[in-house]
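Notes follow once the structure below has been shown.
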Amino acid sequence: MKTLPFFCRGKVVRGFGRGSKELGIPTANFADAVVERLPPDISTGVYFGWASVGGGDVHKMVMSIGWNPFYKNTKKSMEAHLIHRFKEDFYGKVLNVLILGYIRPEKSFNSLESLVTAIHGDIEEAKRRLDSQECRKLRDEFLIQTTDHILNGH
């Protein structure tokens with residue numbers, strides 16, 4: 001994808017309520033306006049990158065962009081799972097993400113268990129790829145960008 005890496009920012013909104021409750025994998029959701037401004041060459045699927053909440057610490061993240069076929073969603077969403085344990089929800093806070101790479105296309109699953117297993121695999125893949133020297137360098141640049149007034153772009 002020519003537009004990667006891609007930076008975007010937006011307030012965290014309530015999603016479908018499945019991440020924490022049903023899957024045990026909390027996600028931070030972007031508003032529809034952010035999703036609608038994604039470049040056309042960013043296809044649906046699972047991505048990895050860096051994220052920070054409210055200008056705080058930068059964490060590894062994995063993000064689903066798409067329709068969540070297992071749940072048969074009727075609208076496209078962007079859901080980031082920050083690979084960090086937070087003590088509280090951060091609805092309404094600004095989420096900054098730097099999308100670096102693609103892990104896999106979105107797909108449906110035969111069971112909730114197989115979906116959860118796949119997500120855990122995506123998280124491990126994101127961790128592994130983000131440990132590369134190139135990704136760590138981009139993380140450092142991302143730290144600088146999150147304090148600027150950059151909106152969506154690359």
Side-chain angles (χ1 to χ4, degrees), residues 1-19 23 25-56 58-84 90-109 114-154:
M1 285 161 243
K2 294 178 184 174
T3 56
L4 293 182
F6 184 77
F7 176 81
C8 64
R9 166 185 293 151
K11 286 189 177 179
V12 176
V13 299
R14 292 199 180 271
F16 300 104
R18 300 180 203 133
L23 302 173
I25 305 164
T27 59
N29 296 268
F30 279 112
D32 294 342
V34 176
V35 179
E36 292 163 4
R37 286 193 301 263
L38 282 171
D41 78 326
I42 292 186
S43 58
T44 60
V46 179
Y47 292 81
F48 66 91
W50 300 106
S52 72
V53 177
V58 176
H59 303 284
K60 294 176 179 180
M61 68 100 189
V62 63
M63 175 182 276
S64 169
I65 299 175
W67 306 95
N68 300 320
F70 180 77
Y71 291 104
K72 298 174 179 49
N73 288 0
T74 58
K75 75 176 184 176
K76 191 174 182 180
S77 66
M78 287 174 68
E79 301 178 54
H81 169 71
L82 281 65
I83 304 171
H84 177 77
F90 42 85
Y91 296 114
K93 295 208 175 168
V94 174
L95 175 65
N96 300 291
V97 298
L98 180 63
I99 303 170
L100 295 180
Y102 189 71
I103 295 176
R104 66 172 174 84
E106 68 175 343
K107 64 179 191 172
S108 191
F109 293 88
S114 60
L115 170 60
V116 170
T117 298
I119 294 170
H120 284 291
D122 297 335
I123 291 168
E124 291 307 312
E125 178 70 10
K127 287 184 198 176
R128 186 185 65 74
R129 292 176 69 181
L130 288 164
D131 282 338
S132 74
Q133 185 175 2
E134 180 183 346
C135 287
R136 286 194 312 268
K137 180 178 180 261
L138 289 167
R139 177 194 179 275
D140 295 341
E141 292 173 14
F142 176 64
L143 279 168
I144 296 164
Q145 285 185 7
T146 59
T147 61
D148 292 342
H149 295 289
I150 297 172
L151 295 176
N152 296 333
H154 69 281

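Just so you know, these numbers use all the heavy atoms, side chains as well, and skip hydrogens, waters and symmetry mates.
Taking the six-membered ring where tryptophan is involved, the planes of Y47 and Y102 are perpendicular, since the angle between them exceeds 60° and thus also 30°.
Within the 4.5 Å cutoff, side-chain heavy atoms of F6 are placed close to those of L38. A heavy-atom distance below 4.5 Å is found between the side chains of C8 and M78. Between W50 and M61, every side-chain heavy-atom pair lies at or beyond the 4.5 Å cut-off. In this structure the side chain of V58 never reaches within 4.5 angstrom of the side chain of L98, judged on heavy atoms. Inter-residue side-chain proximity for L4 and I42 is flagged as met; some heavy-atom pair is nearer than 4.5 Å. With a 4.5 Å cut-off on side-chain heavy atoms, T27 and M63 do not count as touching. Side-chain contact check for D131 versus K60: some heavy-atom pair is nearer than 4.5 Å. Inter-residue side-chain proximity for V62 and K127 is flagged as unmet; no heavy-atom pair is nearer than 4.5 Å.
Expressed to the nearest 0.5 Å, how far CG of L23 lies from CZ of F70 amounts to 8.5 Å. Atom OG1 of T44 sits about 10.5 Å away from atom CZ of R104, to the nearest 0.5 Å. Here the CZ-CZ distance, from R9 to F30, works out to 10.0 Å after rounding to the nearest 0.5 Å. T3 contributes atom OG1, which lies 8.5 Å from atom CD1 of I99 (distance to the nearest 0.5 angstrom). Atom CG in N29 sits 6.5 Å away from atom OG in S77 (nearest 0.5 Å). Atom-to-atom distance recorded for S64:OG and I25:CD1 is 11.0 Å, nearest 0.5 angstrom.
Between G56 and S52, the closest heavy-atom pair is O-CB, 3.5 Å. In terms of heavy atoms, E106 sits closest to I65 at OE1-O, 4.2 Å. Closest heavy-atom contact between L95 and A80: CD2-CB, 4.2 Å. Contact between I123 and H81 at its shortest, heavy atoms only, is CD1-CD2, 3.6 Å.
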| request: For the pair L138 and E141, evaluate side chain to side chain contact (heavy atoms under 4.5 Å, CB included) and give the outcome as yes or no after the intermediate values. | output: CA-CA 5 Å; L138 289 167; E141 292 173 14; 3.7 Å; yes
| request: Step by step, work out the side chain to side chain contact (heavy atoms under 4.5 Å, CB included) result for L100 and L130. | output: CA-CA 9 Å; L100 295 180; L130 288 164; 3.8 Å; yes
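Look at R128 and E125 and you find a salt bridge, because one of the NZ, NE, NH1 or NH2 atoms lies within 4.0 Å of a carboxylate O, short of that distance.
Annotation: K107, atom NZ; neighbour count of heavy atoms from other residues, nucleotides and ligands within 6.0 Å does not exceed 12.
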